[in-house]
K.L.:
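The structure is given below, and queries will be raised subsequently.
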Protein chains: 2
Amino acid sequence: MSKHSPSALKPRKTPSQSRSRVTVDAIFEATIQVLLKQGMAGLTTTSVAERAGVSVGTMYQYFPNKQALVYALNERFLTRLAEKVEDTCAGMAGRRACEGAEALIDTYWSVKTERMELTHALYRSVAELDNDALVQDFAARVDRATEGMFRACPDLSTGDIDQINLSLTAVIYGTVRNAFERGLEQENISALKSDLKAMCRAYLSSVK
Amino acid sequence: MSKHSPSALKPRKTPSQSRSRVTVDAIFEATIQVLLKQGMAGLTTTSVAERAGVSVGTMYQYFPNKQALVYALNERFLTRLAEKVEDTCAGMAGRRACEGAEALIDTYWSVKTERMELTHALYRSVAELDNDALVQDFAARVDRATEGMFRACPDLSTGDIDQINLSLTAVIYGTVRNAFERGLEQENISALKSDLKAMCRAYLSSVK
DNA sequence: CAGATATATGAAGGAATATTCAGTTTTGGG
DNA sequence: CCCAAAACTGAATATTCCTTCATATATCTG
């Protein structure tokens, strides 16, 4: 378990019967829906319970407090993201660096775009609940994956891999997020994406 | 006044005597300090008033509610940022595109870096208080400035200026923010900055 | 089917804190 | 020097919401 999961945030108990598994799923789903419809401000224990069709007490059987609920939700999504990135990086091992970078952009972009609104809402929830630590953990995990990928590139000298990895990921993740913050049209988004790829390509051939 | 400044967020009254001007300044300063020391969670009307050395009631003479206070604070900083960017863009009119881009990076970076902690705190405060509208307004303002700059570049064909402006600014602003979210060392930061410049240069010569 | 375990309920308690306002003090112009 | 306007005070109010727990219901196991 991550060092950034103090007991105050850990699930209280794990469902053992199928009934409760359904309940927990409903709670997660309700959390998402409330987050989308009302934002963090409207995310009260009552509103979530109501939407999930359970009583507040039930929520507290599985989550020690409201914060833990949002924490768990973010954990779910970050895990999914990390796994996808890891898959991509593994699949690109040994390919040229710019191919790896492009694949990384595609993967990251598609995961974040898949559920735009939710992604946006989760970004904010992290800021509000001081869940940076959680994000940092996942950033480190994803960084290991991309670093490994770049380290295995035949066309990259091993010297500056750390910095190359840092710069590429900072630019990619930053740009993706920025694309969310502005409400870009689909047309602009895809142009931005291909421009981003072009920049990464150009950068890589300059440091090669 | 911006269309995104509903009366609920506008200052209640403007100080006329010098005593109250001092008071309002103290309130702003206190807000910053509390934000830095306690974060958004600890930013209560009481804590701000206490730190400012005034009573809560005084705060409410100038700001209709807590949100308005943070709103005003963000407005201050965004205005400063916008002005600096506008200055830079005006100063770069007629220069080559990559020079303009580099100057933009330097300006934006230095404003954000000047008070790192505060910048970080303000980023979060915006997310928490749903102040996107405010940010969007300033983004538009800054965008006009950069677009003008690029439009005046002798080495850029006028056709794709909009997209070029969009892509460059998205990458630049996104990367800067990402640099804050990770707790990068000064060394990595400056390497990242020069890599970012390299990418922008390379991108511009590819579309020229 | 009976006891044991797991799950669910939701009213009541309680803590935090945003906001008001009636009364007091300070300021500056005439 | 005086008084109207400006500024300030802070206890009291009002609201919002998280969290608990005693009780009830459902499910499982032997």
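For the numbers below, each heavy atom of this structure counts, side chains included, while hydrogens, waters and symmetry mates do not. Note on naming: letters A, B, ... go to the chains in the order of the sequence lines (proteins, then strands), and numbering restarts at 1 for each one. This structure is a prediction, so every number in the text was calculated from the model and none was measured.
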K.L.:
Side-chain contact, heavy-atom cut-off 4.5 Å: B:Leu78 with B:Asp137?
P.N.:
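Not touching, per the 4.5 Å side-chain cut-off.
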K.L.:
Would you mind telling me which of D:dT19, C:dT17, C:dA8 lies closest to the side-chain atoms of B:Thr44?
P.N.:
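Nearest to the side-chain atoms of B:Thr44, counting from C-beta on, is C:dT17.
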K.L.:
Would you tell me if any nitrogen or oxygen in the side chain of A:Ser55 comes within less than 4.0 Å of OP1 or OP2 on C:dT9?
P.N.:
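For C:dT9, OP1 or OP2 has a side-chain N or O of A:Ser55 closer than 4.0 Å.
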K.L.:
Looking only at side chains, do B:Arg177 and A:Thr175 share a donor and an acceptor under 3.5 Å apart?
P.N.:
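Judged by distance alone, the side chains do not pair up.
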K.L.:
What is the separation between atom CZ on A:Phe63 and atom C1' on D:dT20, rounded to the nearest whole Å?
P.N.:
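After rounding, the reported distance stands at 18 Å.
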K.L.:
Given atom CD of B:Gln67 and atom P of D:dT16, what is their separation to the nearest angstrom?
P.N.:
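Rounded to whole Å, this separation is 15 Å.
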K.L.:
What is the distance, rounded to the nearest whole Å, between atom CZ of A:Arg21 and atom C1' of C:dA6?
P.N.:
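Atom-to-atom, A:Arg21 to C:dA6, this comes out as 12 Å.
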K.L.:
When the distance from CE of B:Met59 to P of C:dA18 is rounded to whole Å, what number comes out?
P.N.:
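In whole Å, C:dA18 P and B:Met59 CE are 8 Å from each other.
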K.L.:
Which listed nucleotide (C:dA18, D:dA6, C:dT9) is nearest to the side chain of B:Ser16?
P.N.:
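Among C:dA18, D:dA6, C:dT9, the one nearest the side chain of B:Ser16 is D:dA6.
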K.L.:
B:Tyr60 side chain N/O closer than 4.0 Å to the phosphate oxygens (OP1, OP2) of D:dT9?
P.N.:
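It does not, given that no N or O in the side chain of B:Tyr60 lies less than 4.0 Å from OP1 or OP2 of D:dT9.
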K.L.:
Map A:Ser18 and B:Pro15 onto DNA chain D by nearest heavy atom, then report which one ends up closer to the 5' terminus.
P.N.:
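That would be B:Pro15.
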K.L.:
Are OP1 or OP2 of D:dT9 and a side-chain N or O of B:Thr58 less than 4.0 angstrom apart?
P.N.:
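Yes, because at least one side-chain N or O of B:Thr58 sits under 4.0 Å from OP1 or OP2 of D:dT9.
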K.L.:
Rounded to whole angstroms, how far apart are NZ on A:Lys66 and C1' on C:dA15?
P.N.:
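Whole-Å distance recorded here is 15 Å.
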K.L.:
Counting side-chain heavy atoms from C-beta on, which of D:dC18, C:dT19, C:dA6 comes nearest to A:Gln17?
P.N.:
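Out of D:dC18, C:dT19, C:dA6, the nucleotide with an atom closest to A:Gln17's side chain is C:dA6.
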K.L.:
Check the distance between D:dC17's P and A:Met40's CE and give it to me in whole angstrom.
P.N.:
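It is 14 Å, rounded to the nearest whole Å.
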K.L.:
Is there a donor-acceptor contact under 3.5 Å linking the side chains of B:Ser47 and B:Thr44?
P.N.:
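Indeed, the side chains of B:Ser47 and B:Thr44 share at least one donor-acceptor pair under 3.5 Å.
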K.L.:
Tell me whether the side-chain N/O atoms of B:Thr45 come closer than 4.0 Å to OP1 or OP2 in C:dA18.
P.N.:
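Answer is yes, contact under 4.0 Å.
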K.L.:
Choosing from D:dC17, D:dT27, D:dC8, which nucleotide comes nearest the side chain of B:Arg19?
P.N.:
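Shortest atom-to-atom distance from the side chain points to D:dC8.
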K.L.:
Within this structure, what is the CG-to-C1' distance between B:Asn65 and C:dT20, rounded to whole angstrom?
P.N.:
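Answer to the nearest Å: 13 Å.
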K.L.:
Does B:Ser20 put a side-chain nitrogen or oxygen below 4.0 Å from OP1 or OP2 of D:dC8?
P.N.:
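No, because none of the side-chain N or O atoms of B:Ser20 sits under 4.0 Å from OP1 or OP2 of D:dC8.
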K.L.:
Closest to the A:Val56 side chain: C:dA18, C:dT19, D:dT19?
P.N.:
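That would be D:dT19.
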K.L.:
Do A:Tyr203 and B:Asp195 have side-chain N/O donor and acceptor atoms under 3.5 Å apart?
P.N.:
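Their side chains do contain a donor-acceptor pair, which is all the 3.5 Å distance test asks for.
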K.L.:
Are the side chains of B:Arg115 and B:Phe77 in touch, meaning some heavy atoms are under 4.5 Å apart?
P.N.:
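Answer yes - side chains close enough.
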